[in-house]
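Single-structure report; data block below.
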Amino acid sequence: MMTPQVKAILANYESDNAGVKANLARILMQGKLGGTGKLIILPVDQGFEHGPARSFAVNPAAYDPHYHYQIAIDAGLSAYAAPLGMIEAGAETFAGQIPTILKVNSSNSWAQGANQAVTASVEDAVRLGCSAIGFTIYPGSDDLFSMIGQIRELSAEAKSVGIATVIWSYPRGGALPKSGELALDVGAYAAHMAALLGAHIIKVKLPSDHIEQKEAKPMYEGTDWSKQSDRVRHVVQASFAGRRIVVFSGGAAKGADAVYQDARDIRDGGGNGSIIGRNTFQRPRDEALAMLDKLVRIYKNEE
């Protein structure tokens, strides 16, 4: 039975058809966090971005796409996100067992500049029974405008056939220095862009307390941004005052305590959850399941 929390979230998507809302509900009602309004999504697109050895050699079982499907199911996660080939490799075996998000654009570590190629279609997502498409944009990049044109077309097509849209919004490139990629003002701007582009679920990185844009600094002065939960709250505020689902990336591999603290700060700041890949699948399966179980308890306010 759909919970009041999920009904309240779905009510914020005022223009969407029954298919899109059903797919959002499928994600929001799945697994151990089902019905709470909180999410944990497993993304496995790192093989495209960083290469197989850098992604999986530390835990060789993770070379197998079925490993990721199974860990997402066994951990009781909300959804599994991956590029076309990874989804295809387990589509029949795991059909209907967990909502899937088809990542429809990707890059690689040799490319210069900040851009991605479209690697899958909405038609693929329908064929594979996916609940959503996922797409990365790079606010700041000289190629951003072509990426915006691509996601405009893909998102419109997805919505027309009842599939939700997830936008990864990662500032980089152009006039934005490396030091500004995780800045609070930049991260909030990136989340807002994703909301303006019609994303149902927004994925961003946890921001630092640095303010990058000279013109924005006066708006942030006089407020203490040292608490990560307050920075999360500001990013959620920038995502239509919390009317859009916002999940935060787990980022680079880090110690377990840091992963847990991030989750507490996301929870306390009103974020909807985590989309966490390397910090789980690069650990042995038992350790990953234990970590994910603890993250579920944190999001349930049980610890």
Side-chain angles (χ1 to χ4, degrees), residues 13 16 19-20 23-24 26-28 30 39-50 55 65 68-69 72 77-91 94 98-108 114-139 144 147-172 190-191 193-205 239 244-251 272-278 280-281:
Y13 296 88
D16 285 296
V20 169
N23 274 311
L24 285 173
R26 191 167 294 140
I27 294 170
L28 288 161
Q30 175 75 20
L39 305 171
I40 300 177
I41 298 170
L42 174 67
V44 189
D45 57 344
Q46 291 81 0
F48 236 134
E49 306 294 329
H50 307 297
S55 301
H68 302 289
Y69 270 102
L77 302 190
S78 309
Y80 166 52
L84 179 65
M86 296 282 278
I87 298 288
E88 286 184 330
F94 300 100
I98 188 163
T100 51
I101 299 167
L102 178 61
K103 187 69 166 51
V104 296
N105 69 340
S106 290
S107 185
N108 68 75
N115 200 352
Q116 297 209 357
V118 174
T119 55
S121 67
V122 172
E123 186 178 348
D124 290 320
V126 173
R127 171 175 60 89
L128 295 166
C130 299
S131 293
I133 59 167
F135 189 93
T136 295
I137 62 169
Y138 294 132
L144 173 66
M147 302 178 88
I148 286 174
Q150 289 167 346
I151 188 55
R152 181 193 65 78
E153 292 185 7
L154 287 163
S155 181
E157 184 182 355
K159 290 173 182 179
S160 75
V161 294
I163 292 175
T165 296
V166 185
I167 293 183
W168 279 237
S169 193
Y170 289 170
R172 68 184 62 168
M193 279 192 210
L196 291 172
L197 287 169
H200 300 100
I201 300 175
I202 297 164
K203 178 193 177 190
V204 288
K205 296 183 178 181
S239 304
R244 293 295 177 263
I245 297 166
V246 185
V247 294
F248 291 83
S249 166
N272 292 95
S274 301
I275 182 160
I276 181 167
R278 282 172 286 180
T280 54
F281 68 69

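Remember, it's a predicted structure, so these values are computed and weren't measured experimentally.
- The salt bridge (Lys or Arg N to Asp or Glu O under 4.0 Å) check on Glu153 picks up nothing, with sequence neighbours excluded.
- Heavy-atom minimum distance, Ala82 versus Val44: CB-O, 3.7 Å.
- To the nearest 0.5 Å, the span separating NE2 on His68 from CZ on Phe281 amounts to 6.0 Å.
- Between Leu42 atom CG and Ile98 atom CD1 the span is 7.5 Å, to the nearest 0.5 Å.
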Exercise for review: Go through Lys205 and Phe248 one step at a time and tell me if the side-chain contact (heavy atoms from CB on, under 4.5 Å) criterion holds.
Suggested key: CA-CA 5 Å; Lys205 296 183 178 181; Phe248 291 83; over 6 Å; no

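- Considering all non-hydrogen atoms of both residues, Val122 and Leu154 come closest at CG2-O, 3.5 Å.
- Put simply, OG on Ser106 and CG on Leu84 are 9.5 Å apart, with the number rounded to the nearest 0.5 Å.
- Going from atom OG1 of Thr136 over to atom CG of Asn105 covers 5.0 Å, rounded to the nearest 0.5 Å.
- Across Thr165 and Ser155, no two heavy atoms sit closer than the pair OG1-OG, 3.2 Å.
- Here the OG-CD1 distance, from Ser169 to Ile151, works out to 11.0 Å after rounding to the nearest 0.5 Å.
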Review point. How far apart are the C-alpha atoms of Arg278 and Gln46, what are their side-chain angles, what is the distance that settles it, and do they pass the side-chain contact (heavy atoms from CB on, under 4.5 Å) test?
Key: CA-CA 8 Å; Arg278 282 172 286 180; Gln46 291 81 0; 4.0 Å; yes

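- At least one side-chain heavy atom of Tyr138 sits under 4.5 Å from a side-chain heavy atom of Met147.
- Considering all non-hydrogen atoms of both residues, Lys159 and Gly198 come closest at NZ-O, 3.0 Å.
- Asn272 places no side-chain N or O within donor-acceptor distance of the main-chain N or O of Val247, the cut-off being under 3.5 Å.
- Taking 4.5 Å as the limit, some side-chain heavy atom of Tyr69 sits within range of a side-chain heavy atom of Tyr80.
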Practice item. Evaluate the criterion side-chain contact (heavy atoms from CB on, under 4.5 Å) for residue pair Arg152 and Leu197; output intermediate values, then yes/no. Key: CA-CA 7 Å; Arg152 181 193 65 78; Leu197 287 169; 5.8 Å; no

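- Within the 4.5 Å cutoff, side-chain heavy atoms of Tyr170 are placed close to those of Ser249.
- Applying the side-chain contact (heavy atoms from CB on, under 4.5 Å) rule to Arg26 yields the partners Asn23, Pro99, Ser131; only residues at least two apart in sequence or on another chain are considered.
- Distance check, rounded to the nearest 0.5 Å: CD of Gln116 to OG of Ser107 gives 5.5 Å.
- Put simply, the side chain of Ile202 does not reach to within 4.5 Å of the side chain of Ile245, judged on heavy atoms.
- Residues Val166 and Phe135 fail the side-chain proximity criterion, which asks for heavy atoms closer than 4.5 Å.
- Pairing each heavy atom of Ala125 with each of Ile133, the nearest pair is CB-CG2, 3.9 Å.
- With respect to Arg127 and Glu88, a salt bridge is recorded, a charged nitrogen being found less than 4.0 Å from a carboxylate O.
- Judged by distance alone, the side chains of Asn108 and His50 never bring a donor and an acceptor atom under 3.5 Å apart.
- Here the side chains of Leu24 and Ile201 are in contact, with some heavy-atom distance below 4.5 Å.
- When side chains are defined from C-beta on, Cys130 counts as touching Ile87, because their heavy atoms get closer than 4.5 Å.
- Side chains of Phe48 and Lys103 form no contact here, defined as non-hydrogen atoms less than 4.5 Å apart.
- No donor-acceptor distance shorter than 3.5 angstrom exists from the side chain of Ser78 to the backbone of Leu28, with no hydrogens or angles considered.
- Nearest heavy atoms, Leu77 versus Ile40: CB-O, 3.5 Å.
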